[in-house]
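Below is a structure I'd like to ask you about.
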Amino acid sequence: MNDARPDVLVVGAGVIGLTVGVCLAEQGLRVLLCTRSAPSATTSAVASAMVGPSLVPADDPVGGRERVSIAEFTGLAEIEGTGVALRRGRLTSRQPGPSLPGLQPCAPRDLPDGFAAGFWSTLPLVDMPIYLRYLLRRLHAAGGRIEYREVHSLRELARRAPLLVNCTGLGARELVPDPTVRPVRGQHVIVDNPGLEEFFIEAPFGTAWTAYWPYPGHVVLGGTAGDNDETLEPDPVLGEQIRQRCIDVEPRLRHARVRAHQVGLRPVRPAVRLELQQLGAARCVHNYGHGGSGVTLSWGCARETAGLLTGTDGPPAELG
Ligand SMILES: Cc1cc2nc3c(=O)[nH]c(=O)nc-3n(C[C@H](O)[C@H](O)[C@H](O)COP(=O)(O)OP(=O)(O)OC[C@H]3O[C@@H](n4cnc5c(N)ncnc54)[C@H](O)[C@@H]3O)c2cc1C
């Protein structure tokens, strides 16, 4: 794209901003991403990340976004270097519950002690640092650029390009400003992979649950949720509790060497904001507040953003 005036300015280079950038650049638009942190230093880089499952009713818009993403990631699992792989695993609960349509129930012998229900599923797992690098390569290949800077006002940015997309995650709290966005802290322990092939995850999510996701070479252990907690320093006590819960379910993890502890702040909002607004002369689509499902929703939300931005989805609301 060189230094020509961009058609679209995307603020944010986490999974949401990069996916939007790729979609728009591959449609032939001149795309410039502005971000204060490198993709490797975003919340997105810390996600585990599991895509799906989509368990909401067919007519729910969230379900539609999830299904678009699951299809996209399933295709990416076929391509080397994306960091995406299809993995089989168990979705479990300590409480008995209803059957999940389309999923095969676990036999009693497949459930660890203390678990009352479980289902087998095959889902895309995404090694996020590798996947974010892949998205960046794809953005550049389509002519998109990235600029490292803090954005203080969307209105000022509106003078630089006719189209804007706000993908600032938790940053939307100050930038918009949107006080309904709040951090929910998650901590992971990364260990060597002792030979695990299948993932395991417990639901429902409270403040702590058991989950592990195997990747070539390492396993990500979770999970925790600390509402309104912005502490970025890993908590060693929490880390040991995470490890112990996973060992109780999968004893092969007991002697796995700990490689790292990671913390990320999920950008939680009562609902994802995916909405068009007129900002002076520019059309701006807000695409933020994906909470603990940003990877799962990324492709569905990016395609909708592109539709809103290029004008196929009705007139924008005027911003006061
Ligand atoms: C521990 C953990 C586990 C998770 N597991 C999963 C999972 O299994 N599946 C799943 O789907 N999701 C998962 N998530 C959720 C997922 O990580 C998030 O929903 C997703 O990363 C949000 O992406 P984002 O691009 O909106 O935000 P971020 O990745 O935070 O990116 C925001 C971008 O905006 C930029 N920015 C912000 N403000 C400004 C500003 N003023 N000026 C310039 N740039 C700015 C930042 O620098 C950054 O580039 C998990 C999250 C955590 C923390």
Side-chain angles (χ1 to χ4, degrees), residues 9-21 32-54 62 65-66 69-70 73 87 89 123-129 131-132 135-136 146-154 156-157 165-178 181 183-190 199 201 203 205 209 211-213 220-226 229-230 232 234 238 242 261-269 272-274 286-302 305:
L9 269 167
V10 178
V11 192
V15 70
I16 300 298
L18 281 170
T19 312
V20 166
L32 177 62
L33 257 71
C34 293
T35 176
R36 66 183 170 199
S37 47
S40 58
T42 59
T43 295
S44 301
V46 177
S48 354
M50 188 172 94
V51 178
S54 182
V62 172
R65 290 168 187 164
E66 283 176 352
S69 297
I70 291 171
F73 280 108
R87 292 264 185 188
L123 295 171
L125 291 200
V126 188
D127 191 331
M128 288 305 288
Y131 179 61
L132 293 174
L135 284 180
L136 200 54
I146 189 157
E147 181 179 288
Y148 291 97
R149 64 186 285 253
E150 172 117 27
V151 173
H152 298 285
S153 155
L154 287 172
E156 270 172 36
L157 217 57
V165 190
N166 172 18
C167 305
T168 48
L170 193 58
R173 191 175 45 169
E174 290 80 31
L175 183 63
V176 172
D178 183 343
V181 184
V184 174
R185 181 184 185 278
Q187 185 166 323
H188 282 158
V189 183
I190 318 297
F199 69 83
I201 185 162
F205 308 143
W209 61 92
Y212 58 82
W213 297 274
V220 177
L221 315 181
T224 65
D229 184 350
E230 294 192 54
L232 287 172
L238 214 54
I242 290 169
H261 296 264
Q262 290 182 335
V263 172
L265 305 179
R266 302 175 183 90
V268 171
R269 195 177 183 273
V272 172
R273 185 171 185 203
L274 185 28
H286 297 281
N287 182 3
Y288 65 84
H290 302 79
S293 307
V295 185
T296 302
L297 296 170
S298 57
W299 281 98
C301 288
T305 296

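These values consider heavy atoms only, across backbone and side chains, with no hydrogens, waters or symmetry-generated copies. In each ligand, atom 1 is the first atom listed, and ligand 1 is the first ligand listed. In what follows, residues are counted from 1 in the order of the sequence shown.
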(message) Out of all atoms in ligand 1, which are within 4.0 Å of some heavy atom of A13? Include the element for each.
(response) 33 (C), 48 (C), 49 (O)

(request) Indicate, as side chain, backbone, both or neither, the part of S298 found under 4.0 angstrom from ligand 1 when only non-hydrogen atoms are considered. (result) neither

(message) Is Q262 close enough to touch ligand 1? Criterion: a residue heavy atom under 4.0 Å from a ligand atom.
(response) no

(request) Output the list of atoms in ligand 1 that are nearer than 4.0 Å to some heavy atom of C167, sorted by atom number. (result) 32 (C), 33 (C), 34 (O)

(request) Please write down residue, atom name and distance for the protein heavy atom closest to atom 21 (O) of ligand 1. (result) S44 OG, 2.8 Å

(request) Looking only at distances, please establish whether an N/O atom of ligand 1 is found under 3.5 Å from an N/O atom of V151. (result) yes

(message) Below 3.5 Å, N or O to N or O, backbone or side chain included: is there any such pair between G171 and ligand 1?
(response) no

(request) Identify the protein heavy atom lying closest to atom 25 (O) of ligand 1, giving its residue, its atom name and the separation to 0.1 Å. (result) I16 N, 3.2 Å

(message) Tell me which one of E147, E150, E174 satisfies salt bridge (charged side-chain N to carboxylate O under 4.0 Å, His left out) with R36.
(response) E150

(request) Check whether any N or O atom of L265, backbone or side chain, sits under 3.5 Å from an N or O atom of ligand 1, and answer yes or no. (result) no

(request) Distance to 0.1 Å, residue and atom name: give those for the protein heavy atom nearest to atom 27 (O) of ligand 1. (result) G169 CA, 3.9 Å

(request) Looking only at protein heavy atoms, identify the closest one to atom 48 (C) of ligand 1 and say how far it is in Å. (result) T42 CG2, 3.6 Å

(request) Work out which heavy atom in L33 is nearest to a heavy atom in G21; give both atom names and the distance. (result) CD1-CA, 4.0 Å

(request) Return the residue, atom name and 0.1 Å-rounded distance of the protein heavy atom closest to atom 15 (C) of ligand 1. (result) G291 O, 3.2 Å

(message) Between ligand 1 and L170, can you find any atom pair, the residue atom being a heavy atom, that is separated by under 4.0 Å?
(response) no

(request) Consider every N or O of G264 and every N or O of ligand 1, then say whether any pair is closer than 3.5 Å. (result) no

(message) Under a 4.0 angstrom heavy-atom cut-off, which atoms of ligand 1 come close to R149?
(response) 43 (C)

(message) Please list the nearest protein heavy atom to atom 3 (C) of ligand 1 with its residue and the distance rounded to 0.1 Å.
(response) H188 CE1, 3.6 Å

(message) T296 versus ligand 1: do any nitrogen or oxygen atoms come within less than 3.5 Å of each other?
(response) yes

(request) Taking only heavy atoms of V15 into account, list the atoms of ligand 1 that are under 4.0 Å away from them. (result) 23 (O), 25 (O)

(request) Report yes if some N/O of G12 lies less than 3.5 Å from some N/O of ligand 1; otherwise report no. (result) no

(request) Side-chain contact test, heavy atoms from C-beta onward, threshold under 4.5 Å: evaluate it for N287 versus N166 and give yes or no. (result) no

(request) Just jot down the ligand 1 atoms closer than 4.0 angstrom to any heavy atom of S37, in number order. (result) 46 (C), 47 (O), 48 (C), 49 (O)

(message) So if I count the atoms of ligand 1 from 1 in the order they appear, which ones are less than 4.0 Å from some heavy atom of V295?
(response) 10 (C), 11 (O), 12 (N)

(message) Give me the residue, atom name and distance of the protein heavy atom closest to atom 7 (C) of ligand 1.
(response) M50 N, 3.6 Å

(request) Would you mind checking which non-hydrogen protein atom is closest to atom 10 (C) of ligand 1, with the distance to 0.1 Å? (result) G292 O, 3.3 Å

(message) So that I can tick it off, tell me whether E230 and R266 are bridged by a salt bridge, with the cut-off set at under 4.0 angstrom between side-chain N and carboxylate O.
(response) no

(request) May I ask you to check if ligand 1 and R266 share an N or O to N or O distance below 3.5 Å? (result) no

(message) Using a 3.5 Å cut-off on N or O atoms only, is V11 in polar contact with ligand 1?
(response) no

(message) If you measure every N or O of Q187 against every N or O of ligand 1, does any of those distances drop under 3.5 Å?
(response) no

